[in-house]
Amino acid sequence: MAAWISSRFAAVARTAIKTLDVIINVFHLPRRYFCSPPYDYNTDDGEIAASTTDDPNASILTFGESLLYRLSLRIPQPRRSVYAANYNGRPRSPRQYNALIKVFGRLGDADAALRLLLEMKNPNVHCYTTAMDALFRAGRCQETEAVFREMISTGIVPDSVAYSILVKMYCFHLKHFVSAHQIIQLMADRGCEPDVVTYSTVIAGLCRAGGVDEAFSFMNLMLKDNCRPNALTYTPILQSYCAEGKVDSAMKLLNKMKGLGCPPDVVSYNVIIHALCKNGDFDEVDRILRESSNSGWNPDSATYNTYISGLCKMGMIEDAFNQLDVMLEKALQPTGVTLNILLALLCRDSNAMEIVPFLERSLELGLDVGAVSYNTAMTRLCETRECSAVLKLLSDMLKNGIQPDLQTFNIVILSLCRSGKLQKAKHIYQSRGFVPDTVTCNILLHEFCLSGEFEEFYQLLAEMSYKQIPPDAITYNIIVDGLCWDRKFSKAIEFVRFIDYGFNSDHVAHLAFGLVKGGRVGDLLRLLEEMKEMGVQLNGRLFEIMIHAFCMKGSCDSAEIYKICLVLDKMLGR
DNA sequence: TTAGGGTTAG
């Protein structure tokens, strides 16, 4: 066994060294950056040292203070470079305003986009629609419509772009296709003909909602209205087929598209290549790439990122590096996504201490390091219980003007919980402007259970309901665990009966574990009897979990063994 | 009008 572990370790180490070599070569990183001593951060009580700021004389901020200060800036400051590079301080013409509104919309900063629109004297239709799009991207539907109405009230006649954004909102966020259709009819009535983008938006929305048949029906309507589809109209359909595992149907449609007058473009091929990679069908990917020039398309960085990522996921690291070479030989630039794929590999195979200097150097080189890169690194550091390093990276993100996303904060909260700093985790959750999701709540609920803070546990559940944060299967399991740990066994049983109309095997497993651990074998036997009467299948996995619970409980003396036999009898239907 | 809306990779 020792020899096997030793050889396995050697293989992992070789892969890690190779990964690092490739990253260093691709991004032209001097090797010394990977030999530097561990980065300097304060390991005491989650404080971030002032060395993370530019001012060497700055006082030491606690993590909470530093974070609260940042979070209190509800509206992120505009990136200076955006202004400086383009407009020497302020936008002047409507076109400049529009470009800037678009930038903020893409950065997810709808407030900044809206502020710019409001400071304009006479915004035109372009500026209004770009601001609408920024609000749509931030999920702020009511305000999107409000800007649309405001535009009309100023006497501007909405064009197909403005209507298409409303259609997009109804399809993607509200999933109300009847309203989307009504808008299309309304615009036609008002003399504004829906174009290929308007129709393609609906088709993409229907596909996202799982309605491929409806998408085809809608395409017939589009053809009836003399609007010709293009590659962008068909690509969401290809995507849906692939998501349903119907890669053959996707391939057939792809081959049919040329004859339909809209040859597939690089994105259409990328969708197919992604599906083939997921199935491990790399021979077919090779064939498609070999024939690309004859088929009238050129692979781009996304094509190779998809391929390289697929190979990495299948553990084919050598092949992945070979494709990276091909990509670079074709003079395709490695993107932020390439960086993230390699970073994920580095996180998997290398020492966690290499990750921070790697990110720092990537930034220095001007690589497209974004929230995803930091999240990948922080997840790894959270797994290795390096909470201080996670906080250091959060600090770096803020310092470098990279907007943390919800996933970033969830990783930080998890990391704080795992290192016993529940108060600081709660501090983030309660910060002004922080919008938690199901994952945030699951992390905290689980932690409240572990630390026996049941009052907080029930309060958070009430908040989830109040804030309309939907629970998922993990939340249900945590609730079952929590009720059992709080010795509210009857409520736990009642709850499992209630979820999904009764006795989901995953939740039952949690309940069985809690009942055994709480010494409520009688309740468990009655539960198993009830399930049997209802025709619910009792599987071996459930029994394994219960035996595990008995073992965890210890004291496997004759009385406990007797109880196990009772449970086994019940399972076997005796 | 060389501005604004629909498809892909982590």
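Just so we're on the same page: letters track the sequence lines, and every chain starts at 1. Computed from heavy atoms alone, side chains included, the values below leave out hydrogens, waters and symmetry copies.
Ion pairing of Glu360(A) with Lys392(A) is present here, as a side-chain N (NZ or NE/NH1/NH2) and a carboxylate O approach within less than 4.0 Å.
Here ring-ring contact (aromatic ring centres under 6.0 Å, His included) pairs that include residues 375-401 of chain A, with residues two or more places apart or in two chains, number zero. Within the structure, side-chain hydrogen bond (donor to acceptor under 3.5 Å, both in side chains) contacts touching residues 190-200 of chain A (residues at least two apart or in different chains) are Ser160(A)-Asp195(A), Tyr163(A)-Arg190(A), Ser164(A)-Thr198(A), Asp195(A)-Thr198(A), Tyr199(A)-Asp225(A), Ser200(A)-Thr233(A).
Taking every heavy atom of residues 250-259 of chain A and every atom of DNA chain B, no pair lies under 4.0 Å.
Put simply, NZ on Lys278(A) is 14 Å from C1' on dT8(B), counting in whole angstrom units. Taking atom CD1 on Ile237(A) and atom P on dT8(B), their separation rounds to 13 Å, with Å as the unit. Rounded to whole angstrom, the span from the CD1 atom of Ile272(A) across to the P atom of dA9(B) amounts to 13 Å.
Under the rule for a side-chain contact (heavy atoms from CB on, under 4.5 Å), the partners of Leu174(A) that lie at least two apart in sequence or sit in another chain are Cys141(A), Met169(A), Tyr170(A), His176(A). For Val372(A), the side-chain contact (heavy atoms from CB on, under 4.5 Å) partners at least two apart in sequence or on another chain are Asn340(A), Thr376(A). Every residue two or more places apart in sequence or in another chain that forms a ring pair (Phe, Tyr, Trp, His ring centres under 6.0 Å) with Phe136(A) is listed here: His173(A). Residues forming a side-chain contact (heavy atoms from CB on, under 4.5 Å) with Asp368(A) (at least two apart in sequence, or on another chain): none. With sequence neighbours excluded, the residues that form a side-chain contact (heavy atoms from CB on, under 4.5 Å) with Thr303(A) are Val266(A), Asn270(A), Ile273(A), Leu289(A), Trp297(A), Pro299(A), Asp300(A).
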(request) Scan nucleotides 2-7 of chain B nucleotide by nucleotide, 5' to 3', and note B when protein non-hydrogen atoms come under 4.0 Å of the base, S if they reach only the sugar-phosphate, - if neither. (result) BBBBBB
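Contact annotation for Lys313(A): backbone-only contact, meaning every heavy-atom pair under 4.0 Å involves sugar-phosphate atoms and none involves a base.
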